[in-house]
Amino acid sequence: METKELCERAKALYAEKNYIEAVKLWRAAAEQNDADALYMLGICHNYNLGVDEADETARGVAASGYFLQAAALGHADAQCFAGLCYLHGIGTEQNGAKAVEWFEKAALQNSTQAMNNLGLLYREGTAVEADETRSFAWFEKSAALHDATGLLYEGIAYYEGCGVKRDYKEAVKRYEQAAQLGSAEALFRLGECYDDGEGVEENQIEAFRLYKLAAQKNHAKAQCYVGYCYEYGTGVARNMKEAIGWYEVSARNNYFQAYCNLGCCYEVGNGVKKDMKTAIEYYKKGAELGSLDAIYNLGNVYAFGKGVKRDDALAAEYYARAAQSGHAEAQYNLAQHFSSGRGVEQDEEAAAFWFLEAAKRGDSDAQCKTGLLFMQGEGVEEDPEQAVFWFRKAASQGDVDAQYLLGMCYEEGLGVQADRGEAYEWYARAAAQGDGRAKKALKKL
């Protein structure tokens, strides 16, 4: 049987999922140095299809060997896979320079996968020095060949201003093109654009439609978003049965936030029977997958003894985990634990540190507390000007305590030049929210 006939018959057997017989025929063709046969043998070894080799490492060595042989014969797809083998150290020593070399050879043959790989390497600074301009150029080349992934990443570059001037409208155009080619991620990101009114007029109904299309393509994050829309009636009529259903689908796909959302539903009995034990189980699953909200919620579970015995030390541990990853509410709660010595050794400096971290992330309670610490010199060096800075931040967000304290600073000239007009304005804002201290202060002005 001639090489061409061997490969055609092998291809037909492969399509029928008769991998063992397909491999036999490709081996025969490979003996005649056929690049397609060598490449497909690499694929079969890489994905363990029809090969008699239980050891994954041995399969990796065989796969990389076949890919490299086919790559040397100019096979573009094999060149791309050879690059991946060097990039990840599959069956060969990890070598970033050789990975880039093979990706570039494949890209010269119009392999959009290789172009996208190069775009990602330059974007992330992996195996090469990070270069956003070169990253965008590779995605642009891939997109020009109507590749869905290339269009998606070109859109992301426009959205984030990575290697090109930020332009939401151009991002939307690329997302639309990628979505038309079947990209679930593009559908999801396009939904976000409609949700936030970025590059298009805000339209929550259209956002929901796009989320659901992506969800139906098994996009786990979109599935969670569809659940969220149903839970809160965003772009669709509120329906907790649908919300729970989509959260469960998303959770089965291991999307961390879906576990957290299910936990919240079971904690309060929203759409399901209230069940704190089940809520904690979902929070723990979400926490294992990295959900900061789930980790924070577990902190609350142990801090307040929700369905478990109160454990301040364990609560502080969970708050610390979430706080260290930038969760503002966890930072605030951890600061309170350090301030009061609940579950940890009392430490004013540590408390001040975490209050400040939460304040930087926009938490108004933390901003007000940070202002007080600077005013009183607790855990930080006394600094009335810094106190006023943080009071103003919190007051601008409507924090009534901060509004009153800022009024007091202006009245007494603490950290700022005394100004009865400014004092009156901030007292009035606090008084409008029912603050008795501010009402008394206004009478005295």
- Query: Take atom CG in L108; do more than 12 heavy atoms of anything else shown fall under 6.0 Å from it?
  - Reply: yes
- Under-4.0 Å salt bridge between R429 and E425: yes
- Message: Determine whether W354 and N333 satisfy the following criterion, side-chain contact (heavy atoms from CB on, under 4.5 Å), listing intermediate values before the conclusion.
- Response: CA-CA 9 Å; W354 286 113; N333 286 9; over 6 Å; no
- Note on the structure: Between Y332 and the options F338, Y296, F355, F353, the ring pair (Phe, Tyr, Trp, His ring centres under 6.0 Å) test singles out F355
- Could you tell me whether the side chain of I280 reaches within less than 4.5 Å of the side chain of K277, counting heavy atoms only? no
- Between atom CG of L152 and atom CG of N116, what is the distance when rounded to the nearest 0.5 Å? 9.0 Å
- Note, Q79 side chain near S111 side chain (heavy atom, < 4.5 Å): no
- Query: Are the charged groups of E281 and K285 less than 4.0 angstrom apart, N to O?
  - Reply: no
- Task: In sequence, state the C-alpha distance, the side-chain angles, and the governing distance for F188 and Y225, and then conclude on ring pair (Phe, Tyr, Trp, His ring centres under 6.0 Å).
- Result: CA-CA 9 Å; F188 171 73; Y225 272 48; 4.9 Å; yes
- Salt bridge or not for R238 and E231, using N-O below 4.0 Å? no
- Item | Candidate list L292, L289, D293, test side chain to side chain contact (heavy atoms under 4.5 Å, CB included), partner Q257, passing option | D293
- Give me the one residue out of I43, L68, I90 that meets side chain to side chain contact (heavy atoms under 4.5 Å, CB included) with F81. I43
- Query: Looking only at atom types and distance, does a side-chain atom of E202 sit under 3.5 Å from a main-chain N or O of D196, one as donor and one as acceptor?
  - Reply: no
- Work out which heavy atom in A402 is nearest to a heavy atom in C368; give both atom names and the distance. N-SG, 3.7 Å
- How about Y39 and Y66: are their ring centroids closer than 6.0 Å? no
- Task: Indicate whether any N or O donor in one side chain lies under 3.5 Å from an N or O acceptor in the other, for Q433 and Q403.
- Result: yes
- CD/E53: more than 12 non-hydrogen atoms of other groups inside 6.0 Å: yes
- Message: Testing the 3.5 Å rule here: is there a donor-acceptor pair between the side chains of Q94 and H88?
- Response: no
- Message: Using side-chain heavy atoms (C-beta onward) and a distance below 4.5 Å, is Y153 in contact with L120?
- Response: yes
- Query: Does any N or O in the side chain of T234 come within less than 3.5 Å of the main-chain N or O of C229, such that one atom is a donor and the other an acceptor?
  - Reply: no
- Query: Do L6 and K4 come close enough that some side-chain heavy atom pair is under 4.5 Å?
  - Reply: no
- Which heavy atom of A184 sits nearest a heavy atom of A214, and at what distance? O-CB, 3.5 Å
- Message: What's the separation between atom CG in L49 and atom NZ in K17, rounded to the nearest 0.5 Å?
- Response: 10.0 Å
- Message: Does K306 have more than 12 heavy atoms from other residues, nucleotides or ligands lying within 6.0 Å of its NZ?
- Response: yes
- Item | N/O donor-acceptor pair under 3.5 Å between S340 side chain and Q336 backbone | yes
- Message: Quick check: F136 with Y158 (ring centres under 6.0 Å apart)?
- Response: yes
- Could you tell me whether E101 and K105 make a salt bridge, using a distance below 4.0 angstrom between a side-chain N and a carboxylate O? yes
- Looking at E56 and R59, does any basic side-chain N land under 4.0 Å from a carboxylate oxygen? no
- Message: Testing Q397, R392, R361, K360 one by one against Q367 for a side chain to side chain donor-acceptor pair (under 3.5 Å), which residue passes?
- Response: Q397
- Task: Show your working on side-chain contact (heavy atoms from CB on, under 4.5 Å) between T149 and S142 and close with a plain yes or no.
- Result: CA-CA 8 Å; T149 302; S142 175; 5.8 Å; no
- Item | N-O pairing of K309 and D311 below 4.0 Å | no
- Would Q331 and D363 count as having a side-chain donor-acceptor pair, cut-off 3.5 Å? no
- Item | Ring center gap for Y266 and Y282 short of 6.0 angstrom | yes
- Message: To the nearest 0.5 Å, what is the distance between CD on E8 and CG on L13?
- Response: 12.0 Å
- Message: side-chain contact (heavy atoms from CB on, under 4.5 Å), that's the test. Do Y194 and I205 meet it? Break it down for me.
- Response: CA-CA 9 Å; Y194 276 99; I205 293 174; over 6 Å; no
- Query: Would R209 and E206 pass as an ion pair if we require N to O under 4.0 Å?
  - Reply: yes
- Message: Do E21 and Y14 make a side-chain contact, defined as non-hydrogen atoms from C-beta onward lying under 4.5 Å apart?
- Response: no
- Query: Roughly how far, to the nearest 0.5 Å, is OG1 of T92 from CZ of F67?
  - Reply: 13.0 Å
- Distance-only donor-acceptor check, side chains Y319 and N300, under 3.5 Å: yes
- Could you check if a side-chain atom of F103 sits within less than 4.5 angstrom of a side-chain atom of L84, using non-hydrogen atoms only? yes
- Message: Taking the side chain as everything from C-beta on, heavy atoms only, tell me whether C80 gets closer than 4.5 Å to W102.
- Response: no
- Query: Can we say E170 and K173 salt-bridge, meaning some charged N sits less than 4.0 Å from an Asp/Glu carboxylate O?
  - Reply: yes
- Message: Measuring only between side-chain heavy atoms, which start at C-beta, is K221 closer than 4.5 Å to F256?
- Response: no
- Query: Once you round to the nearest 0.5 Å, how far does NE2 of H146 lie from CG of L181?
  - Reply: 9.0 Å
- Task: Using a strict cut-off of less than 4.0 Å between a Lys/Arg side-chain nitrogen and an Asp/Glu carboxylate oxygen, indicate whether K98 and E93 qualify as a salt bridge.
- Result: no
- Task: Provide the closest heavy-atom pair for H337 versus V344 in the form atom of the first, atom of the second, distance.
- Result: O-CG2, 3.5 Å
- Message: Under the side chain to side chain donor-acceptor pair (under 3.5 Å) test against Y122, which residue among E129, E132, R134 passes?
- Response: R134
- Drop me the distance from S135's OG to L118's CG, to the nearest 0.5 angstrom. 9.5 Å
- Pair Y259 + Y283: ring centers closer than 6.0 Å: no
- Message: Under a 3.5 Å threshold, yes or no: a donor from one side chain and an acceptor from the other, between Y159 and D167?
- Response: no
- Counting only heavy atoms not in F208, do more than 12 sit closer than 6.0 Å to its CZ atom? yes
